Amino acid sequence: MKSIKTFVAVSALTLASFASFAQSISVESSTLDGAEAKVAAVAQEQGAQYKITEANTNNRVHMTAELYK
């Protein structure tokens, strides 16, 4: 299924520990699977794992996730 347009906004979070990292990302897609695939792609690109923290559907899917190493 084709996505019309995608928007990926990435913002870094500061953690107390220098050895760890966390980053919050937000993606949009036309399906839940498409949104999760985008989150997974960003996580893989950065060598991180992810945890989905929010998903909202209203004609399109908006999903927020936290990346961590």
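Keep in mind that the numbers below use all heavy atoms, side chains included, and drop hydrogens, waters and symmetry copies. Every value quoted in this text rests on a predicted model; they were computed, and no experiment measured them.
Looking at every heavy atom in both residues, Val61 comes nearest to Thr31 through CG2-C, 3.5 Å. Here the closest heavy-atom approach between residue Leu32 and residue Thr57 is recorded as CD2-CG2, 4.4 Å.
Checking side-chain atoms of Thr53 against main-chain N and O of Thr64 turns up a donor-acceptor pair under 3.5 Å.
In Glu54, the CD atom is crowded: over 12 heavy atoms of neighbouring residues, nucleotides or ligands sit closer than 6.0 Å.
Annotation: the span from Ser24 atom OG to Leu67 atom CG amounts to 8.0 Å, rounded to 0.5 Å. Ser29 OG to Arg60 CZ: the interatomic distance, rounded to the nearest 0.5 Å, is 6.0 Å.
Linking ILVMFWY side-chain heavy atoms closer than 4.5 Å, directly or via other members, places Met63 and Tyr68 in two distinct hydrophobic clusters.
For the side-chain hydrogen bond (donor to acceptor under 3.5 Å, both in side chains) with Tyr50, the lone residue among Glu36, Gln23, Glu66 that qualifies is Glu36.
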